[in-house]
Colleague: 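Pasting in a structure now, in C-alpha cells, and then I'll have a few things to ask.
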Amino acid sequence: MAAGLSELDRWLDDRMRTGLGDSSIAQYSTWDQLAARLVDAQVGGLANRVRRLAGAVGAQPNWHEHVVAELGVLHLLAQSGRRLGELPLDLADAVGAAIGWQVRQADVLEGVQLTDQWMVMGRSDTREDRIEVRRVWLRGAGTGRWAMVLSFAAYGQSLDTSLEIGTVVHADIYAYPGVLGLRALVGRRHGEPARYNEVSALDLLGACAHVGASFAAEPWIERVPCCVLASPTLHEGQWVLTDAHGSLPLVCDARTLQMVLACSEGRPVALTVEFTAAGVLPLTVHLADRHVDVGPIADASFVGAR
C-alpha cells in the first residue's frame, strides 16, 4: 500500500510538471493504467476516484479547475495514507476508508448502536463500471444525525428497496469508522415503518455552514446530505436554488429539474439534496401531502417506471 501511495504522488508530480495541456491527459489509458496499479496496491478507493476523474477531462468548459482540485485531494490522501499512525484514530479510519480499506460488516455491527426514528430522506443511484450503487440517506428524528446506507447490484440485478422514501423506521444504526461516520448499516428494526409528514429544513446559509463543517472534517468527501428550504430559479441562464441569503447552482438532468419545478411551482420548497463539488443535486421534494423521489437513476431504461 505504501508503495502504491508513493507511486501516486510521483504520478501527481509528473502531471503538475507537464501541465494539464499535455495531450496524454485526454487519453483514458493514462488514468486507467494508474488506477490498475492502485488496485494492485490495495487502495481501490483511490483507483475509483482516478477513473471518475478521467471522465471529467474535457467534460465541461471549466474542467481544468475541477481536475486540479481533485488532484489536490488525491495528493492529500496519498500523504495522509502514509501517515496513518500519526493521525487521531477517527481521522485515520476516515482516511483508510477513503483510500479503500475494507471494513467487515461483522466488525461494524459489533460497534455502538444508535437507536432513533430514522426518516428515509432521499435516494441517489449511480453506475460505477458494471455495478449500480444506491445511496439511501437517513436522518434521525431525535438526533438529527445523517446516515448513508449503501447497496450494490450487478447489471440486471435489483437494488435494495427496503427503505422507502417518506417512511420513518425505528431501528438501530451502526456507523462505519470515521470522523463523520456517515456510512452505516441498519441493524434491528423495532416495528413496521410508518409515514412521516413534516421535515425540518435549513436555509442556504445554515446549509452551507453544515456542509462546510463536513468538508473541514473530511476534505475528500464527495457528497454531503442536507435538507434545505429554497426556490428553484433561473439566473443568468443557469438553474439555481435561491433564498434571501443567496443562490447555489443546481446540477441535475432535465428529468429531475422538470420534476422539481413541477412540484415547487417556483415557490420555496423543502428539498433533500446532496452537496457536491459541482453544485446541488436534488433527491427528494418534500410536499405537505407527499414526498417525491427525484433522485438520479443509474439505468435510464427504468425512468418511465418510477
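For clarity, every value in this text was computed on a predicted model and none was experimentally measured. Basis for what follows: all heavy atoms, side chains included, without hydrogens, waters or symmetry-related copies. Each residue takes its place number in the sequence, starting with 1.
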Colleague: Near R195 CZ, under 6.0 Å, is it more than 12 heavy atoms from other residues, nucleotides or ligands?
Modeller: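 Yes, the 6.0 Å shell around CZ holds more than 12 heavy atoms from other groups.
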
Colleague: As a quick check of understanding, evaluate side chain to side chain contact (heavy atoms under 4.5 Å, CB included) for R51 and Y28, giving each step before the final call.
Modeller: CA-CA 8 Å; R51 288 194 172 107; Y28 183 78; 3.7 Å; yes

Colleague: Going by distance alone, is a donor N or O of one side chain under 3.5 Å from an acceptor N or O of the other, for R223 and T276?
Modeller: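 No, no side-chain donor-acceptor contact under 3.5 Å.
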
Colleague: Is R52 salt-bridged to E70, cutoff N-O under 4.0 Å?
Modeller: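 So R52 does not pair with E70 through a salt bridge.
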
Colleague: So, are D40 and R37 salt-bridged, with charged N and O less than 4.0 Å apart?
Modeller: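 Salt bridge absent between D40 and R37.
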
Colleague: Test of understanding: clusters of I, L, V, M, F, W, Y form through side-chain heavy atoms closer than 4.5 Å, transitively. Do V186 and V108 belong to the same one?
Modeller: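 Cluster IDs for V186 and V108 differ.
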
Colleague: Please report the closest heavy-atom contact between S214 and L180, naming both atoms and the distance.
Modeller: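 Looking at all heavy atoms of both residues, the shortest contact is O-CD1, 3.8 Å.
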
Colleague: Would you call P225 and M121 a side-chain contact if the rule is heavy atoms closer than 4.5 Å?
Modeller: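 Answer no - side chains too far apart.
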
Colleague: Does the T233 side chain pair with the main chain of H235, one donor and one acceptor, at a distance under 3.5 Å?
Modeller: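 No.
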
Colleague: Applying salt bridge (Lys or Arg N to Asp or Glu O under 4.0 Å) to D9 and R82, what does each step give before you reach the verdict?
Modeller: CA-CA 11 Å; D9 249 350; R82 288 187 285 174; 2.7 Å; yes

Colleague: Under the side chain to side chain contact (heavy atoms under 4.5 Å, CB included) rule, what do V224 and H210 come out as? Steps first, then yes or no, please.
Modeller: CA-CA 9 Å; V224 178; H210 163 72; 3.8 Å; yes

Colleague: Is there a donor-acceptor contact under 3.5 Å linking the side chains of D32 and S29?
Modeller: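 S29 and D32 do not have a side-chain donor-acceptor pair below 3.5 Å.
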
Colleague: Set out, in order, the CA-CA distance, both residues' side-chain angles and the distance that settles salt bridge (Lys or Arg N to Asp or Glu O under 4.0 Å) for E110 and R104, then state yes or no.
Modeller: CA-CA 10 Å; E110 289 178 356; R104 297 189 310 160; 5.6 Å; no

Colleague: When you measure from the side chain of T18 to the backbone N and O of D22, does any donor-acceptor pair fall under 3.5 Å?
Modeller: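 Between the backbone of D22 and the side chain of T18 there is no qualifying donor-acceptor contact (under 3.5 Å).
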
Colleague: Is there a donor-acceptor pair under 3.5 Å between the side chain of D116 and the backbone N or O of T143?
Modeller: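 Pair found, side chain donor or acceptor close to backbone of T143.
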
Colleague: Rounded to the nearest 0.5 Å, how far does CG of L250 lie from CH2 of W239?
Modeller: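 Nearest 0.5 Å value for the CH2-CG distance: 9.0 Å.
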
Colleague: Does any non-hydrogen side-chain atom of V95 lie less than 4.5 Å from one of L84?
Modeller: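 Touching, per the 4.5 Å side-chain cut-off.
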
Colleague: Rounded at 0.5 Å granularity, tell me how far CH2 in W11 sits from CD in Q33.
Modeller: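 It comes to 10.5 Å.
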
Colleague: If I compare all heavy atoms of C208 with all of L248, which pair ends up nearest, and what's the gap?
Modeller: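 Reported closest heavy-atom pair: SG-CD1, 4.1 Å.
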
Colleague: Between R134 and D160, does any side-chain N to carboxylate O distance fall below 4.0 Å?
Modeller: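 Judged by the 4.0 Å cut-off on N to carboxylate O distance, R134 and D160 do not form a salt bridge.
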
Colleague: Could you go through L46 and L5, starting from their C-alpha distance and side-chain angles, then the distance that decides it, and tell me whether this counts as side chain to side chain contact (heavy atoms under 4.5 Å, CB included)?
Modeller: CA-CA 9 Å; L46 295 181; L5 295 175; 3.5 Å; yes

Colleague: Using side-chain heavy atoms (C-beta onward) and a distance below 4.5 Å, is L34 in contact with T30?
Modeller: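 In short, these two side chains do not touch, never coming nearer than 4.5 Å.
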
Colleague: Of all heavy-atom pairs between A230 and L204, which one has the smallest distance, and what is that distance?
Modeller: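 Smallest interatomic distance, heavy atoms only, reads CB-CD2, 4.2 Å.
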
Colleague: Between A41 and G4, which heavy-atom pair has the shortest distance, and what is it?
Modeller: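 Result for this residue pair: CB-CA, 3.6 Å.
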
Colleague: Side-chain heavy atoms under 4.5 angstrom apart, residues restricted to Ile, Leu, Val, Met, Phe, Trp, Tyr: same cluster for V273 and Y196?
Modeller: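 Same hydrophobic cluster.
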
Colleague: Ring pair (Phe, Tyr, Trp, His ring centres under 6.0 Å) for W118 and W146? Distances and angles first, verdict last.
Modeller: CA-CA 9 Å; W118 293 97; W146 288 89; 9.7 Å; no

Colleague: Ion pair present between R123 and D125, side-chain N to carboxylate O less than 4.0 angstrom?
Modeller: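 Salt bridge flag = yes for D125 with R123.
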
Colleague: Counting only N and O atoms by type, is there a donor-acceptor contact under 3.5 Å from the side chain of T167 to the main-chain atoms of E164?
Modeller: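 Present.
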
Colleague: Measure the spacing between CG of L114 and CG of D172 and express it to the nearest 0.5 Å.
Modeller: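 The CG atom of D172 is 8.5 Å from CG of L114, to the nearest 0.5 Å.
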
Colleague: Does atom CD (Q79) have a neighbourhood of more than 12 heavy atoms from anything else shown, all under 6.0 Å?
Modeller: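 Yes.
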
Colleague: Is there a continuous path of hydrophobic side-chain contacts, each under 4.5 Å between heavy atoms, that joins L150 to Y174?
Modeller: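 No, because L150 and Y174 fall into different hydrophobic clusters, even though each may have its own neighbours under 4.5 Å.
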
Colleague: Does Q113 CD have over 12 foreign heavy atoms under 6.0 Å away?
Modeller: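 Result for CD/Q113: enclosed.
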
Colleague: Would you check if R135 and T126 make a side-chain contact, meaning some heavy-atom pair closer than 4.5 Å?
Modeller: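 Yes. Closest side-chain heavy atoms under 4.5 Å.
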
Colleague: Taking C-beta and beyond as the side chain, do S24 and R15 meet within less than 4.5 Å on heavy atoms?
Modeller: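 Side-chain contact under 4.5 Å: yes.
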
Colleague: R49 side chain to W220 main-chain N or O, any donor-acceptor pair under 3.5 Å?
Modeller: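 Such a contact is found between R49 side chain and W220 backbone.
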
Colleague: If you take all heavy atoms of V294 and R255, which pair is closest and at what distance?
Modeller: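 The answer is O-NH1, 3.6 Å.
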
Colleague: I'd like to know if the side chain of Q238 reaches the main chain of P249, judged simply by a donor and an acceptor atom lying under 3.5 Å from each other, with no hydrogens or angles considered.
Modeller: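 A pair under 3.5 Å: no.
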
Colleague: Between S231 and D243, is any pair of side-chain heavy atoms under 4.5 Å apart?
Modeller: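 SC-SC contact between S231 and D243 ruled out.
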
Colleague: To the nearest 0.5 angstrom, please state how far the CZ atom of R267 sits from the OG atom of S264.
Modeller: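 Result: 8.0 Å between the selected atoms.
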
Colleague: More than 12 heavy atoms of other residues, nucleotides or ligands under 6.0 Å from CD of Q42: yes or no?
Modeller: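 Count not over threshold, so no.
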
Colleague: For D90 and A92, indicate whether the former's side chain and the latter's backbone hold a donor-acceptor pair under 3.5 Å.
Modeller: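 No, D90 side chain to A92 backbone: no donor-acceptor pair under 3.5 Å.
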
Colleague: Nearest 0.5 Å, please: how far is CG in L53 from CG in L71?
Modeller: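 It comes to 5.5 Å.
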
Colleague: Have a look at V260 and tell me which of V285, T284, V292 forms a side-chain contact (heavy atoms from CB on, under 4.5 Å) with it.
Modeller: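 Looking at V285, T284, V292, the match for V260 under the side-chain contact (heavy atoms from CB on, under 4.5 Å) is V285.
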
Colleague: How far does CZ of R189 sit from OG of S162, to the nearest 0.5 angstrom?
Modeller: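 Answer for the CZ-OG pair, R189 versus S162, is 4.5 Å.
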
Colleague: Apply the test side chain to side chain contact (heavy atoms under 4.5 Å, CB included) to residues V149 and R183: give CA-CA distance (whole Å), side-chain angles for both, the deciding distance (0.1 Å), then the verdict.
Modeller: CA-CA 6 Å; V149 179; R183 187 181 176 187; over 6 Å; no

Colleague: With no hydrogens and no angle check, just 3.5 Å: does a side-chain donor-acceptor pair link H286 and T272?
Modeller: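 Distance-only check passes for H286 and T272.
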
Colleague: Would you call V280 and V251 a side-chain contact if the rule is heavy atoms closer than 4.5 Å?
Modeller: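 No, side chains not in contact.
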
Colleague: State, to 0.1 Å, how close V136 and V120 come at their nearest heavy-atom pair, and which atoms those are.
Modeller: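 That closest heavy-atom pairing would be CG1-CG1, 3.7 Å.
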
Colleague: Honestly, is R139 close enough over W137, meaning NZ or CZ under 6.0 Å from the six-membered ring centre and within 45° of the axis?
Modeller: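 Because its charged atom misses either the 6.0 Å distance or the 45° angle limit, R139 does not stack over W137.
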
Colleague: If you count heavy atoms of other groups shown closer than 6.0 angstrom to CD of Q60, is the number above 12?
Modeller: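 12 or below, so no.
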
Colleague: Would you check if Q117 and V169 make a side-chain contact, meaning some heavy-atom pair closer than 4.5 Å?
Modeller: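 No - every pair of side-chain heavy atoms lies 4.5 Å or more apart.
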
Colleague: Do V228 and L287 share a hydrophobic cluster, counting only Ile, Leu, Val, Met, Phe, Trp and Tyr and linking them when any side-chain heavy atoms are less than 4.5 Å apart?
Modeller: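 Same cluster: V228 reaches L287 through Ile, Leu, Val, Met, Phe, Trp or Tyr contacts under 4.5 Å.
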
Colleague: Between H170 and H190, how do the two ring planes meet: parallel, tilted or perpendicular, split at 30° and 60°?
Modeller: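 Answer is tilted, since the angle falls between 30° and 60°.
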
Colleague: Any donor and acceptor pair, going by atom type alone, linking the side chain of D253 with main-chain N or O of T256 inside 3.5 Å?
Modeller: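 Judged by distance alone, yes, a pair lies under 3.5 Å.
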
Colleague: Grouping I, L, V, M, F, W and Y whenever their side-chain heavy atoms are under 4.5 Å apart, do L182 and L202 come out in a common cluster?
Modeller: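 No; tracing contacts between hydrophobic side chains, which count when under 4.5 Å, never links both residues.
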
